[in-house]
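Only heavy atoms go into these numbers, but all of them, side chains included; no hydrogens, no water, no symmetry mates. Predicted, not measured: the structure shown is a model, and the values here were computed from it. Letters A, B, ... are given to chains in the order of the sequence lines, protein chains preceding strands, and every chain is numbered from 1.
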2 protein chains.
Amino acid sequence: MFLDASGSAPLTNRTLEAFQAGLADGWADPARLHAEARRARQLLDGAREAIAESLGARPEHTHFAPTFAIGLERVMAGIYAARRGRDRVVATAIERDATLHSADYVSGGGLTLVEVDGAGHVVLEHLREALDVPDVALAAVQHGNHEIGTVQRLGDVAEVTTAAGVPLVVDATASIGHGEAPEAWDALVANPADWGGPAGVGVVALRPRTRWLPVWPEGGDWAPGGVSVPAALAAAVALQERREHLAQTGPRLHALIERVRLEAASWPGVTVVGDPDHRLPHIATLSCLYVDGEALLTRLDRHGIAVGSGSACTTSSLEPSRVLEKIGARGHGNVRLGLHPGVSDDDVTRLLEVLPRVIGDLRAEAGAPALS
Amino acid sequence: MFLDASGSAPLTNRTLEAFQAGLADGWADPARLHAEARRARQLLDGAREAIAESLGARPEHTHFAPTFAIGLERVMAGIYAARRGRDRVVATAIERDATLHSADYVSGGGLTLVEVDGAGHVVLEHLREALDVPDVALAAVQHGNHEIGTVQRLGDVAEVTTAAGVPLVVDATASIGHGEAPEAWDALVANPADWGGPAGVGVVALRPRTRWLPVWPEGGDWAPGGVSVPAALAAAVALQERREHLAQTGPRLHALIERVRLEAASWPGVTVVGDPDHRLPHIATLSCLYVDGEALLTRLDRHGIAVGSGSACTTSSLEPSRVLEKIGARGHGNVRLGLHPGVSDDDVTRLLEVLPRVIGDLRAEAGAPALS
């Protein structure tokens, strides 16, 4: 039971078939001049066009990057460079690590964080204040949050950034494929692995009006050393498949998460975080008092249930979750669910049986005080 | 007939099977804590160990990068940063564009080019002179050249760099899998797509003694946003397969190229470039007087024969070849052959029938003077 579909998901048969077709016909370097290269180039161009259309972007301004993180890094560096003389980057406090690290890096430490409210929405008044200085190069605001699921009201955000004349970079790496693509952005970054595509490819889209400079060694090339054509093709097909079924899967997953949210809210010492309504359909995070997050993940894993834990609890980080702390929730003892379209009602029923027992067991073992 | 196997090659069945196994079992994010992540991590660690062993490197100092070009960029930036106060990069004049662009970029224009001789070997005396200043951060010398096939005498090169106390970065992106891995390096970059692996993954190996700093946003992570586990696995299996058959394929391809070199040398107005002996087994470049390189590639493509043209003649560049000009050959009208293990004796026989006819036709059409 894989309930950690945020940033990765099992590949569907159709996506696997696309990948295999890409390996068979798209192994050549698309930059060369012979028939094998032309076939690879056609597949790559077709994949770019299909993804651009899904993003509401123009194919000629849609680029494959080696990964979404490198896409984020380069698009911020490129726009920053084009805004010569302005040296600050403004970002919400709950952006991804990849965004904040890149923002800090490209601005040489000139990063301004904007607070969010308890549901995870950026406080527009604070955003306006942060932009009310002459030296802001760009603003980075995510679409959907990968930990708490909250979807920003980007229309309102864009009104503020547009009024300030500041380009808006939108991290859509947790939302594309799970609902409507956002419309309010000057640059957008997406992660195919998050929508059931393969790892090893990222997507950057820019508006025709968005100015950027290639401040990296290879000039205008967003994927120096080459894009994996099979990965790009599989990414396009996976997104197509998600969109075709979105009218069914979106409401179904939304209802399953609603069920989890409602039921978990009745468990003692468990808080459900994020906006209950304006949210990604497939993500929920529960914050559990007197429970160690790593132990919770490990115990559920032994029950054959894979869950996540946001930015915390990877093999390289057992830090408390910054995102949860920023919305005023506990950063420890949290569990994140990410549902992919293959998750059934029965899977969620089983989770709702096992999870409270595991939480109770862990509390008992730790000698935690009684909760009611 | 695919005779452009330099930087890409058709994937063998065994490599395809490895890729498919990787897609089935390695789709999860290896950084997480559940069973699916552990499986992906085991595959990735196994792939890293196998490739490290082939490179004569330690697994813990062998890293996957998103592409070889990003690997080159980051390893040079990282070593440069660790050599604080030294601000020049020395490189041979026939390094790849990716190397020279990165060297120029990380050193802020402080790139010193070292000349090569007519066979493409770096002139050691010139290298010694270029390093005989106190401010050299690193030297970049390729192992095998991707256009002319010449293999540098890296033992001699390393004696010079070691005496100067300068780290030696070796671009082995055209040689790994085609012969013995080089031993004389402080850092090495390899390209799986060149040895019959997939695109979308690169390899960086460092010696334990080689100092570097992570001068990029994501800290010590060489593949921010994640490595494609299936691609890494397929890369390892492809290299393993190449090495298992190297004792047979190496001499066979070497002899086929020898046949091409000898026969083409007898064609009027055709020069065979590069070191005839100390070379990659599978690469040959012919420089053809009074012939347009693009027309030659296109005409051969119509005969169903895919060849390359080194750094020149891609869809994005019809510039003359810098590498050929640096060894004193014509930069125009060149054709590069890259043989992969699937190429047969009959394929080469057919090439040797078609190619001189095509050259003759193109010269006649262009009204070129008679040659003898």
Fill in: For B:Tyr105 against A:Val215, the heavy-atom pair lying closest together
OH-O, 2.9 Å
Response to the item:
Nearest heavy-atom contact between A:Ser228 and B:Gly200 is CB-CA, 4.2 Å
Item to complete: Kindly say whether the aromatic ring centers of B:Trp27 and A:Phe2 come within a distance under 6.0 Å.
Response: yes
Discussion item. So does A:Ala35 get a backbone contact from the side chain of B:Asp301, meaning a donor-acceptor N/O pair under 3.5 Å?
Written reply: yes
Worksheet item: Do the side chain of A:Thr67 and the main chain of B:Pro224 share a donor and acceptor less than 3.5 angstrom apart?
Response: yes
Item to complete: Would you list the pairs meeting side-chain hydrogen bond (donor to acceptor under 3.5 Å, both in side chains) in which at least one residue belongs to residues 191-200 of chain A, sequence neighbours left out?
Response: A:His178-A:Asp194
Item to complete: Name the region of B:Val201, side chain, backbone, both or neither, that has any atom closer than 4.5 Å to a heavy atom of chain A.
Response: neither
Fill in: Residue part contacting chain A, namely of B:Ala306, when any heavy atom lies under 4.5 Å
both
Checking [X] against chain B: side chain, backbone, both or neither under 4.5 Å from a heavy atom?
{"X": "A:Ala9", "value": "backbone"}
{"X": "A:Arg38", "value": "side chain"}
{"X": "A:Ser102", "value": "both"}
{"X": "A:Val229", "value": "neither"}

Worksheet item: From B:Ser8 OG over to A:Arg32 CZ, what is the distance, rounded to the nearest 0.5 angstrom?
Response: 5.0 Å
Practice prompt. Could you check which of A:Pro230, A:Gly226, A:Ser6 has the highest count of heavy-atom pairs closer than 4.5 Å to chain B?
Written response: A:Ser6
Discussion item. With salt bridge (Lys or Arg N to Asp or Glu O under 4.0 Å) as the rule and sequence neighbours excluded, what pairs involving residues 64-77 of chain B come up?
Written reply: A:Glu73-B:Arg74, A:Arg74-B:Glu73, B:Arg74-B:Glu218
Discussion item. If you count heavy-atom pairs within less than 4.5 Å of chain A, which of B:Gly202, B:Ala98, B:Gly7, B:Pro10 leads?
Written reply: B:Pro10
Discussion item. Side chains of B:His34 and A:Asp4, heavy atoms from C-beta outward: is any pair under 4.5 Å?
Written reply: yes
Worksheet item: Are any of the side-chain heavy atoms of B:Pro217 and A:Asp104 separated by less than 4.5 Å?
Response: no
